[in-house]
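This report concerns only the one structure given below.
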Amino acid sequence: MRWSETFIPTLRNDPADAEAASHKLMVRAGLIRQLGSGIYSYLPIGWRVARKAEAIVREEMDAIGAQEFYLPALHPAEVWKESGRWDAIGGEMFRLKDRKDAEMCLGMTCEEIFTFLARDGLNSYKQLPQIWYQIQCKFRDEPRPKSGVLRGRQFTMKDSYSFDKDWAGLDASFDKHAVAYKKIFDRCGIDSIPVEASSGAMGGSESVEFMARSTAGEDWIARCSGCDYSANVERAVSAVEPIVDEPDDAAVEKFPTPGIRTIAALVTFEGGAAADRQIKTLVFMKRTEEGESPVLLLIQGDDELNEVGAIDAVGAGLRPAHEEEIVKALGAKPGSLGAVGVKDIPIYADKRLKGRVGMTTGANHDDHHVRHVSIERDIAVTEWADLRLVRDGEPCTKCGKALELQKAIEIGHIFKLGLRYSESMKASVIDENGKLQPVVMGSYGIGIDRIVAAAIEAHHDDKGIRWPLSLAPYKVVVAPIKLNDDAQREASEKLYGELKALGIEVIYDDRNERPGAKFKDHELVGIPFRVVTGRGLADGQVELYDRYADEKKDVPLAEVVDLLKERLKL
RNA sequence: CGGGGCGUAGCGCAGUCUGGUUAGCGCACUUGACUGGGGGUCAAGGGGUCGAAGGUUCGAAUCCUUUCGCCCCGACCA
């Protein structure tokens, strides 16, 4: 390719509306342009990179015996109603109607459609296992698109689905994916961290997220410094030191606390209590078939609520209560809430509170608190659960070493779905005994756009992108210093032709620009190697620049092709 | 959905508070010349319904109303 004939619109400045390094660089290097919030066009260079990522994903999926499909992104509502997700999913599904007023949606994932195909086509256990996948456009009306393609409303995902006759089969399919995913990310130059995750609205029993550390990430993960424990903070637990309370068997005592509304304020209040001796009472509403009803969540005063932990304990359909609902449930406003003596409302308490005595909490009477609370004596706890977020430095439950909290990008997620879809949509096969059994399913996703962005997050410097060889849009750029110097131009063109003939992805920078301007572009776009024909040509020398080492050296023209082959591992 | 910020040329911005020549600057772009090893110099150019609609005014990028869009924080999130 000749640079002068390509569309590579590089920018000198960062776009004003970008924060993440990958977002800035993707725009500056001419990979993408924004069309709307969370909607991006891939330009030729960006698309070349995305296709390379796709190709790697495809190779590794094929390597575990997966078969590629291509499904529609436009779905009739019926199939989503069958699985129950038409109603379960909220505003993030793009919904529309066709001209006959029939309800449709744009697919955010394809469990329903693949299950629809499976129930039609899979009839016998002899046909299992199957792994089906596609690389396709997905749509999610994200409440808050962010960071360029890292969280878009239209994006490309590889999604695969496994169909097994039993749970052992699912485990095998799941493990195959875990291995394939690791390989994919390795090949893309991304250090992936598998972490325990929550399966959220996907349903299912177990899930693992693949994370790439990055400050641009939106997730926090907890990693043990001593063993292999790692989990999304939504799922993480720690062996945090229990607080040892002074023995206290005094009766509960109510006392006035005028104007005291927060844990912190009660700490400094005369007659108050340290934060770790307080019980924080949070009111949430749980949606059930009859409507919404309140539940109480109790955590130690200085802990933060882990909402996913709460959902795991209480169930889906949980949301913070509004003030009116709180007053209705407990008779007091936030700031004076407690669970002492509360009946008829389910109470979920963090395990860290078990056995605690001499605690202080709200009295359910505005501007009053109670002290000398012994949790198990005074509060009718329905269930003990992990409701607190772990904090940096807390000990690992497995080995006791410190957990580290790190920010990360979710680049893949694998789920054991079990029977969630096969039962609701009736995808069954006849087993060895002639009995109908629902197939055991898994689903597995990789964000292609996120691979590209995460690779940039991991591989860039102040000059621009440093693509791993596997993703580089071109591997080599050949550039003469002076385009109108016949010797330089001819040497460059000849080299360009030779490299192209060898099947090396090479771009010839034949723009009539000054060398500095061209070099800046090469480095911004991140082309791994550059050969410059310049003043050394008279001595048979060209300059070879290595983007990774950020080093240039003169090498004999006659040897440069072999040197490049070696560097490119050909 | 709550809070904050921003929409002026392809990109980055000034001008808006305090209304008043023909709306400006840098980069990019076009033509020519000189240049040529790290975003050159000189000269001459092209490009704008100042996000949109309505209003106030002799006069609106600037004031008022409405509206659309984008970004950030939070809420939310297979």
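Here is the naming used below: chain letters follow the sequence lines, and residue numbers restart at 1 for every chain.
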Tabulated below should be each protein N or O lying under 3.5 Å from an N or O of nucleotides 34-36 of chain B; please produce it.
from   : atom 1 : to        : atom 2 : distance (Å)
U35(B) : O2     : Arg514(A) : NH1    : 2.9
G36(B) : O6     : Asn484(A) : OD1    : 3.4
G36(B) : O6     : Asn484(A) : ND2    : 2.6
G36(B) : N2     : Asn512(A) : OD1    : 3.2
G36(B) : N2     : Glu513(A) : O      : 3.4

Side-chain polar contacts of residues 71-80 of chain A - donor-acceptor pairs under 3.5 angstrom, sequence neighbours left out - could you list them?
from     : atom 1 : to       : atom 2 : distance (Å)
His75(A) : ND1    : Trp80(A) : NE1    : 3.0
His75(A) : NE2    : Pro72(A) : O      : 2.9

Looking only at the side chain of Ala16(A) (C-beta and beyond, no hydrogens), which of the listed nucleotides C70(B), G38(B), C13(B) gets closest? C13(B)
Any Ser37(A) side-chain N or O less than 4.0 Å from OP1/OP2 of G69(B): no
Suppose the criterion is ring pair (Phe, Tyr, Trp, His ring centres under 6.0 Å): which pairs have a residue in residues 509-535 of chain A, not counting sequence neighbours? Trp3(A)-His522(A)
Given the structure, check if the side chain of Lys463(A) and the base of G38(B) hold any donor-acceptor pair shorter than 3.5 Å. no
Report all side-chain donor-acceptor pairs from residues 319-326 of chain A shorter than 3.5 Å, counting only partners two or more places apart or in another chain.
from      : atom 1 : to        : atom 2 : distance (Å)
Arg319(A) : NE     : Glu292(A) : OE2    : 3.2
Arg319(A) : NH1    : Glu325(A) : OE1    : 3.1
Arg319(A) : NH2    : Glu292(A) : OE1    : 2.8
Arg319(A) : NH2    : Glu325(A) : OE1    : 3.4
Arg319(A) : NH2    : Glu325(A) : OE2    : 2.7
Glu325(A) : OE1    : His322(A) : N      : 2.8

Would you indicate which nucleotide in C77(B), G26(B), G38(B) comes nearest to any side-chain atom of Phe519(A)? G38(B)
As a test of reading the structure: which of G26(B), C70(B), C76(B) is closest to the side chain of Pro143(A), going by heavy atoms? C76(B)
Gln34(A) side-chain N/O to G69(B) phosphate OP1/OP2 under 4.0 Å: no
In short, ring pair (Phe, Tyr, Trp, His ring centres under 6.0 Å) pairs touching residues 133-155 of chain A with sequence neighbours left out are none
Does the separation of the ring centres of Phe69(A) and Phe114(A) fall below 6.0 angstrom? yes
Holding to side-chain hydrogen bond (donor to acceptor under 3.5 Å, both in side chains), I want the full list of residues that pass it with Arg261(A), two or more places apart in sequence or in another chain. Asp367(A)
